[in-house]
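Just the heavy atoms: all of them, side chains too, but no hydrogens, waters or symmetry mates, feed the values below. Note on naming: letters A, B, ... go to the chains in the order of the sequence lines (proteins, then strands), and numbering restarts at 1 for each one.
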Protein chains: 2
Amino acid sequence: MSDLLARLRDRHWRLTAQRRVVAQVLDGDHVHFTADEIHARAVALLPEISRATVYNTLGELVALGEVLEVSTDGRAKRYDPNAHHAHQHLVCESCGTIRDVHPSGDPLGSLPATERYGFSVSGVEVTYRGLCPNCAQK
Amino acid sequence: MSDLLARLRDRHWRLTAQRRVVAQVLDGDHVHFTADEIHARAVALLPEISRATVYNTLGELVALGEVLEVSTDGRAKRYDPNAHHAHQHLVCESCGTIRDVHPSGDPLGSLPATERYGFSVSGVEVTYRGLCPNCAQK
DNA sequence: ACCCTACCTTAGACATTGTCTAAGTCAACA
DNA sequence: TGTTGACTTAGACAATGTCTAAGGTAGGGT
């Protein structure tokens with residue numbers, strides 16, 4: 001994560017206490033928090049941080065390619081700090097838990113030219129859906 | 001589409017004017033409207049139809065498996081009446097247009113057991129992203 | 001043909017998530 | 001250490017979706 005802060009400094013980001021706290025909350029490669037969850041955790045570390053700043057900071061991190069935005073369910077977007085290793089998501093339909101997964105094969109290659117309708121295709125997202133062990137039990 | 005209405009009657013759906021109009025708007029296999037767009041088109045056919053009824057009806061059609069709900073961007077969900085032929089989506093990042101596409105291979109098969117973390121995986125969605133010919137030109 | 005009644009529809013309040021604005025604050029450079 | 005433009009703030013606003021209580025009606029039963 002200090003790598004992240006270093007990269008951001010290189011890009012002339014002002015290192016404010018608020019931005020540091022958001023980065024700290026996102027630390028760890030396997031969290032998929034919503035903006036509200038990030039705000040709640042940030043407030044625990046820096047009580048006066050505002051919702052707007054959390055949204056601003058997340059938006060900037062996404063624009064810089066340091067964090068991925070995932071909307072798996074039309075509810076709140078989730079933010080995925082694991083932006084530097086290609087992966088896909090496995091989502092529990094019941095509790096919303098997300099796991100990072102690594103399918104075999106190149107998903108982009110599976111779309112033949114005749115199915116591209118003149119689009120310039122730049123990316124692909126694969127979302128597997130199911131029940132996590134916990135929810136399957138109930 | 002009369003098939004749809006027939007199937008719904010078989011399931012003891014009350015065929016109200018409102019539900020007929022929503023079904024009519026969804027007619028055609030390649031539309032991907034938002035709830036608001038569906039409401040606007042429904043109002044043109046039946047001025048007194050309410051927003052709540054459109055939401056209710058769409059929710060029921062989704063629960064019955066007659067319509068798919070797609071949220072490609074964290075904005076408004078879109079409703080896809082092409083629920084009976086497996087397909088994936090190609091989305092224009094600029095204007096939001098969606099095309100139905102048919103990739104080769106079985107996307108579910110690409111997730112090895114060691115990457116399933118005990119989940120019972122029941123489905124997979126593939127979303128290709130890019131620019132449509134129109135937006136690419138600009 | 002006409003009642004019933006359970007199911008459907010309605011308007012509008014409310015909830016959730018996200019965006020914007022105007023004023024105040026502060027990180028970084030000189 | 002002073003200056004300045006980028007950053008942060010509270011709260012209003014916007015977009016989308018859900019809920020409620022009251023009234024309407026489709027369709028079965030007669």
Q: Can you tell me the distance, in whole Å, between the NZ atom of B:Lys77 and the C1' atom of C:dT17?
A: 13 Å

Q) Between A:Arg78 (CZ) and C:dT17 (C1'), how many Å, whole number? A) 13 Å

Q) OP1 or OP2 of C:dG18 less than 4.0 angstrom from a side-chain nitrogen or oxygen of A:Tyr55, does that happen here? A) yes

Q. Rounding to a whole Å, what distance do you find between B:Arg9:CZ and D:dA26:P?
A. 14 Å

Q. Does a side-chain heavy-atom distance below 4.5 Å link A:Glu60 with A:Trp13?
A. yes

Q: For A:Glu125, check salt bridge (Lys or Arg N to Asp or Glu O under 4.0 Å) against everything at least two apart and list the hits.
A: B:Arg129

Q: Check the distance between C:dA28's P and A:Leu8's CG and give it to me in whole angstrom.
A: 12 Å

Q: Starting from C1' on C:dT9, measure out to CG on B:Leu15 and report it in whole angstrom.
A: 15 Å

Q: Please say whether the positively charged group of A:Arg41, taken as NZ for Lys or CZ for Arg, lies over the ring of A:Phe33, i.e. under 6.0 angstrom from the six-membered ring centre and within 45 degrees of the axis.
A: yes

Q | N/O (side chain, A:Arg75) to phosphate O (OP1/OP2, C:dT17) under 4.0 Å | A | yes

Q) To the nearest angstrom, how far is A:His39 atom NE2 from C:dT19 atom P? A) 15 Å

Q.
Just so I know, are the side chains of A:Glu66 and A:Leu4 near enough to count as touching, which here means a heavy-atom distance under 4.5 Å?
A. yes

Q) Would you find a donor on one side and an acceptor on the other, under 3.5 Å apart, between the side chain of B:Arg20 and the backbone of B:Leu15? A) yes

Q) What string of B, S and - do you get for nucleotides 5-14 of chain D, 5' to 3', when a contact is any protein heavy atom under 4.0 Å? A) BBSSBB----

Q) Which residue pairs pass the ring pair (Phe, Tyr, Trp, His ring centres under 6.0 Å) test when at least one of the two sits in residues 89-121 of chain A, sequence neighbours left out? A) A:His32-A:His89, A:His87-A:His89

